[in-house]
2 protein chains.
Amino acid sequence: MPRLVAERADALPALGELFREFGFEGTSLSMITVATGLGKGSLYHFFPGGKEEMAAAVLAEIDAWFATHVFEPLRRDPDAAAGIGRMFQAVDAYFRGGGRVCLVGVFSLGDTRERFATTLRTYFAVWGAALTDALSRAGWNPTAAADFAEEILAGIQGALVLSRALDEPAVFSRMLARLRQRAIG
Amino acid sequence: MPRLVAERADALPALGELFREFGFEGTSLSMITVATGLGKGSLYHFFPGGKEEMAAAVLAEIDAWFATHVFEPLRRDPDAAAGIGRMFQAVDAYFRGGGRVCLVGVFSLGDTRERFATTLRTYFAVWGAALTDALSRAGWNPTAAADFAEEILAGIQGALVLSRALDEPAVFSRMLARLRQRAIG
DNA sequence: GTCTATAAAGCGATAGAC
DNA sequence: GTCTATCGCTTTATAGAC
């Protein structure tokens with residue numbers, strides 16, 4: 001029977017869900033030991049920097065996932081509209097139709113913002129730039145593209161907040177459909 | 001020289017800023033004693049239920065403020081477009097042009113969501129209903145009005161997240177201007 | 001009403017045996 | 001690499017003097 005957590009990377013999904021659900025302060029080491037099945041000794045073996053290093057590792061993994069599944073299609077797909085379509089598809093899958101919040105958003109609103117300032121800022125800045133580029137290639141004029149990219153990113157984050165508050169994931173799905181329609185018809 | 005905190009309500013502004021900035025878990029009683037100038041004895045005199053009662057009191061105050069300055073104009077202003085205009089003005093002032101986050105949003109994303117579930121849900125539900133009504137009276141067809149109201153609320157929340165992450169309040173101002181333009185021209 | 005002192009529990013982190 | 005035991009500190013909350 002294979003071990004559930006054989007290396008550092010195996011613990012990241014559980015860590016991500018905890019930080020998403022309870023925030024940085026709200027996630028305690030005892031919760032982490034339960035969720036990962038790892039003792040404190042093992043945790044500090046994998047993450048010598050403790051909780052902060054765990055959160056940084058989760059953020060790095062998220063960054064890598066979005067770089068592959070969102071930013072790259074936006075920049076590299078020769079058919080710009082198709083790249084934008086893939087973005088909406090990936091975003092819907094990642095946030096599970098509104099049932100999962102955005103850790104970057106959660107950390108941006110909390111007192112974790114200063115601790116991870118560069119990572120948080122870069123995530124949205126890179127996404128915004130890639131989306132602006134794709135919209136431009138899809139026919140939007142540069143100014144309108146930058147404006148609409150900002151509106152799409154904010155719409156996604158806001159819909160996640162609303163879905164959570166109303167306990168109604170459909171809010172997120174509707175927002176994604178609206179934005180997609182306006183972007184690529 | 002007047003006392004800064006003579007009664008329970010006088011402590012709410014400081015409590016609000018703390019919860020907004022650090023979240024529920026991230027705000028400790030020692031931070032609260034410093035920010036309010038009140039000892040623990042006084043705090044538990046005003047709020048026997050401790051931190052949870054403090055947070056609930058802050059949420060209630062926010063609810064009341066929005067009821068007066070946002071929901072009522074939306075519902076009561078005979079000129080629906082003017083009521084919507086007043087909403088945007090009040091929202092911009094309340095969130096200080098993007099320099100201040102929304103406590104309801106912060107609590108909705110965190111583990112505080114379940115604790116204050118009814119309050120958080122009601123805040124957005126009531127706002128959404130009042131805005132839908134105003135948009136309908138302003139000439140939007142009912143379906144489009146409900147859809148757009150949802151989009152406006154999400155846009156506001158998302159723009160606050162983005163402004164915070166990018167440390168760029170202008171993102172919020174731009175979003176408000178765009179939404180206002182689409183709503184009432 | 002306000003304070004200080006203190007209780008009881010949980011926190012992040014470390015040490016050291018295995 | 002994983003565990004248990006423990007350190008030192010902070011947490012929320014209470015008690016009781018004033």
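The structure displayed is predicted, hence computed values, not measured ones. Just the heavy atoms: all of them, side chains too, but no hydrogens, waters or symmetry mates, feed the values below.
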Value in whole Å for how far the [atom2] atom of [N] lies from [atom1] of [X]:
| X | N | atom1 | atom2 | answer |
| --- | --- | --- | --- | --- |
| Leu38(B) | dT2(C) | CG | P | 6 Å |
| Leu43(A) | dT4(D) | CG | P | 13 Å |
| Phe47(A) | dG12(C) | CZ | C1' | 15 Å |
| Ile32(B) | dT2(C) | CD1 | P | 16 Å |
| Tyr44(A) | dT2(D) | OH | C1' | 15 Å |
| Lys51(A) | dT14(C) | NZ | C1' | 17 Å |

Considering non-hydrogen atoms only, spot the tightest contact between [X] and [Y] and give its length.
| X | Y | result |
| --- | --- | --- |
| Phe148(A) | Leu179(A) | CZ-O, 3.9 Å |
| Ala138(A) | Ala80(A) | N-CB, 3.8 Å |
| Leu162(B) | Glu150(A) | CD2-O, 4.0 Å |

To the side chain of [X], which of [options] is closest?
| X | options | value |
| --- | --- | --- |
| His45(A) | dT2(C), dT2(D), dA13(D) | dT2(D) |
| Ser42(B) | dA13(C), dT12(D), dT2(C) | dT2(C) |
| Phe46(B) | dT14(D), dT2(C), dC3(D) | dT2(C) |
| Lys40(B) | dT12(D), dT14(C), dT2(C) | dT12(D) |

Carboxylate-amine/guanidinium contact [X] [Y], below 4.0 Å:
| X | Y | answer |
| --- | --- | --- |
| Glu151(A) | Arg174(B) | no |
| Arg8(B) | Glu53(B) | yes |
| Glu21(A) | Arg164(A) | yes |
| Glu72(A) | Arg86(A) | no |
| Arg121(A) | Glu168(B) | no |

task: Using a cut-off of strictly less than 4.0 Å between a heavy atom of the residue and any atom of DNA chain D, enumerate the qualifying residues of residues 17-31 of chain B by number.
output: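 Per residue number, the list reads Thr27(B), Ser28(B), Leu29(B), Ser30(B).
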
query: Quick one: does Thr112(B)'s side chain have a donor or acceptor within less than 3.5 Å of a partner on Phe107(B)'s backbone?
result: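 Such a contact is found between Thr112(B) side chain and Phe107(B) backbone.
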
Under 3.5 Å, which N/O atoms of the protein pair with N/O atoms of nucleotides 16-18 of chain C?
none

